[in-house]
Amino acid sequence: MTSERLGPDAGEVELVARAVAGDRAAVSDVVRLLQDPIYRLALRMVWRPADAEDASQEILLRVVAHLGTWRGEAKLLTWAYRLGVNYLLNLRRRTPQEAQQLSLDEFGEGLRDGLADADFRGPESELLTHEVRLNCSQAMLQCLAREERVAFVLSEIFDLGSAEAAWVAGVTPAAYRKRLERAKRRLGNFLTSTCGLANPKAFCRCARRVGKAVELGRVDVRRPAFATHPITPGGRSAAEAERQMIRLRDAATVLGAHPDYAAPQAKMEAIAGILASGRFPMLG
């Protein structure tokens with residue numbers, strides 16, 4: 001990973017200049033360029049797709065409103081991540097783990113409860129096993145403090161260099177590295193002791209959690225939230241992400257092995273409607 005922030009390319013500079021000048025097509029292109037990565041950032045921070053939709057809409061509207069303040073100090077997406085991280089760190093709505101102040105140890109004990117003796121063999125067993133894995137890796141991230149979660153997601157999942165990620169998080173590189181190391185240590189210890197994907201000797205198996213997850217309502221058999229989530233055209237599917245994870249099996253890969261989720265089209269159309277309405281204070 002690079003240790004320095006990368007600046008924008010000429011195409012980004014020209015696109016933003018047109019958007020700031022009032023070209024609505026350029027504004028729409030900016031939103032299209034950023035919408036999927038911003039949605040994926042929000043999803044890793046707030047866990048539930050519906051909450052991520054709301055958060056990503058708010059972040060994208062803030063990006064558009066502040067485009068005139070972008071000075072090319074970083075790539076456009078990196079700059080948008082900074083606005084998004086600031087919003088997500090200060091979000092008042094809390095995830096269930098945050099509300100319960102659930103620790104990784106407590107989360108791990110919960111995984112033992114209801115663990116079946118054999119793999120789930122019911123209808124759609126492969127799909128539901130994928131869903132349990134994806135849902136579980138989302139949930140365990142929520143057991144980290146938000147600052148640690150941001151550090152882990154930016155570096156280990158989005159592959160930003162330490163200086164770039166520190167700039168996004170608004171902290172010094174030294175403070176950022178401490179947060180990242182703390183998050184990696186905590187998650188690594190948890191996965192090594194708990195997750196059979198990261199450590200074949202650990203007790204938990206996704207296919208043995210399906211029944212309990214369905215019973216608790218954490219997995220919807222009719223509408224899996226993650227395994228059937230739309231992906232970016234040409235992006236990784238759930239099956240491709242899982243194959244990558246199985247090859248590597250380290251903590252970052254287990255937590256990062258999600259499909260390349262696409263932002264929900266209905267929400268993006270809603271943003272377009274807001275921008276076209278004339279009521280939104282664009283580029284202020």
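Computation of the quantities below employed the complete heavy-atom set of this structure, encompassing side-chain atoms and omitting hydrogens, waters and symmetry-equivalent molecules.
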Undergrad: So does L83 get a backbone contact from the side chain of R62, meaning a donor-acceptor N/O pair under 3.5 Å?
TA: no
Undergrad: Take atom CD in E12; do more than 12 heavy atoms of anything else shown fall under 6.0 Å from it?
TA: yes
Undergrad: Are N135 and W47 packed together at the side-chain level, in the sense that at least one heavy-atom pair is separated by less than 4.5 angstrom?
TA: yes
Undergrad: Can you tell me how far CG of L33 sits from CG of L15, rounded to the nearest 0.5 angstrom?
TA: 7.0 Å
Undergrad: Going from CD on E98 to CZ on R146, what distance comes out if it is rounded to the nearest 0.5 angstrom?
TA: 4.0 Å
Undergrad: Grab the two heavy atoms, one from A202 and one from L191, that are nearest each other, plus how far apart they are.
TA: CB-O, 4.4 Å
Undergrad: Which heavy atom of A227 sits nearest to which heavy atom of E131, and what is that distance?
TA: N-OE1, 2.7 Å
Undergrad: Working to the nearest 0.5 Å, report the span between CG of L154 and CH2 of W167.
TA: 11.5 Å
Undergrad: Looking at T95, is its backbone amide N or carbonyl O close enough to the side chain of R48 to form a donor-acceptor pair, meaning the two atoms are under 3.5 Å apart?
TA: no
Undergrad: Is the closest side-chain heavy-atom distance between T69 and W79 below 4.5 Å?
TA: yes
Undergrad: Between the main-chain N or O of A118 and the side-chain N or O of R121, is there a donor-acceptor pair closer than 3.5 Å?
TA: no
Undergrad: Testing D119, D117, D113 for salt bridge (Lys or Arg N to Asp or Glu O under 4.0 Å) with R208, which one passes?
TA: D119
Undergrad: According to a hydrophobic-cluster definition based on side-chain heavy atoms being under 4.5 Å apart (Ile, Leu, Val, Met, Phe, Trp, Tyr only), do L104 and F203 belong together?
TA: yes
Undergrad: If hydrophobic clusters are built from ILVMFWY residues whose side chains come within less than 4.5 Å, do I231 and L127 share one?
TA: no
Undergrad: Quick one: side-chain contact (heavy atoms from CB on, under 4.5 Å) partners of F120, sequence neighbours excluded?
TA: S125, L128, V210
Undergrad: Considering residues, nucleotides and ligands other than E126, do more than 12 of their heavy atoms fall under 6.0 Å from its CD?
TA: no
Undergrad: When hydrophobic residues are tied together by side-chain contacts of less than 4.5 Å, even through go-betweens, does L88 share a cluster with V64?
TA: yes
Undergrad: Side chains of residues 36-46: which donor-acceptor pairs under 3.5 Å do they make with residues two or more places apart or in other chains?
TA:
| unit_1 | atom_1 | unit_2 | atom_2 | d |
| --- | --- | --- | --- | --- |
| D36 | OD1 | A263 | N | 2.8 |
| D36 | OD2 | T232 | OG1 | 2.7 |
| Y39 | OH | H229 | NE2 | 2.7 |
| R40 | NH1 | T232 | OG1 | 3.1 |
| R40 | NH1 | Y261 | O | 2.5 |
| R44 | NE | Q138 | OE1 | 3.3 |
| R44 | NH1 | L255 | O | 2.8 |
| R44 | NH2 | L255 | O | 3.1 |

Undergrad: According to a 4.5 Å side-chain heavy-atom criterion applied to Ile, Leu, Val, Met, Phe, Trp and Tyr, with indirect links allowed, do V214 and L134 form part of one hydrophobic cluster?
TA: no
Undergrad: When rounded to the nearest 0.5 angstrom, what is the spacing between CZ in R149 and CG in L187?
TA: 10.5 Å
Undergrad: So S56 and Q35, do their side chains get closer than 4.5 Å, heavy atoms only?
TA: no
Undergrad: If every non-hydrogen atom of L197 is compared with every non-hydrogen atom of C206, which pair is closest and at what distance?
TA: CD1-SG, 3.8 Å
Undergrad: Which heavy-atom pair separates P8 from V13 by the least distance, and what is that distance?
TA: CG-CG2, 4.0 Å
Undergrad: For D220, is there an ion pair with R223 - N to carboxylate O distance below 4.0 angstrom?
TA: no
Undergrad: How long is the gap from CD on Q142 to CG on L102, to the nearest 0.5 Å?
TA: 10.5 Å
Undergrad: Could you tell me whether R236 atom CZ has more than 12 heavy atoms of other residues or ligands within 6.0 Å of it?
TA: yes
Undergrad: Do N86 side-chain atoms and R82 backbone N/O form a donor-acceptor pair below 3.5 Å?
TA: no
Undergrad: I want to check something: taking the side chain as every heavy atom from C-beta on, are F226 and P259 in contact at a cut-off of under 4.5 Å?
TA: no
Undergrad: For E240 and S237, indicate whether the former's side chain and the latter's backbone hold a donor-acceptor pair under 3.5 Å.
TA: yes
Undergrad: Is the shortest heavy-atom distance from the side chain of R209 to the side chain of R205 under 4.5 Å?
TA: no
Undergrad: Considering all heavy atoms of both residues, which atom of A19 and which atom of L67 are nearest to each other, and what is their separation?
TA: CB-CD1, 3.9 Å
Undergrad: Using ring-ring contact (aromatic ring centres under 6.0 Å, His included) as the criterion, list what pairs up with F158, not counting sequence neighbours.
TA: Y81
Undergrad: Counting C-beta onward and ignoring hydrogens, is there a side-chain heavy-atom pair between R133 and T129 closer than 4.5 Å?
TA: no
Undergrad: Scan for salt bridge (Lys or Arg N to Asp or Glu O under 4.0 Å) pairs involving residues 85-95, sequence neighbours excluded, and state none if there are none.
TA: D51-R93, D54-R93
Undergrad: Judged by atom type as modelled, is there a donor-acceptor pair below 3.5 Å linking the side chain of N199 to the main-chain atoms of T192?
TA: yes
Undergrad: Under a plain distance cut-off of 3.5 Å, with no hydrogens placed, do T78 and E164 share a side-chain donor-acceptor pair?
TA: yes
Undergrad: Enumerate the side-chain hydrogen bond (donor to acceptor under 3.5 Å, both in side chains) contacts for residues 103-112, please, sequence neighbours excluded, ordered by first and then second residue.
TA: S103-E106
Undergrad: In residues 175-182, what donor-acceptor pairs under 3.5 Å come from side-chain atoms, sequence neighbours left out?
TA:
| unit_1 | atom_1 | unit_2 | atom_2 | d |
| --- | --- | --- | --- | --- |
| Y176 | OH | A151 | O | 2.9 |
| Y176 | OH | S155 | OG | 2.5 |
| R182 | NE | E148 | OE2 | 2.7 |

Undergrad: Taking all atoms of both residues into account, what is the closest heavy-atom pair of V85 and A169, and its distance?
TA: CG1-CA, 4.3 Å
Undergrad: Can you measure from CG (L111) to OG1 (T194) and round to the nearest 0.5 angstrom?
TA: 6.5 Å
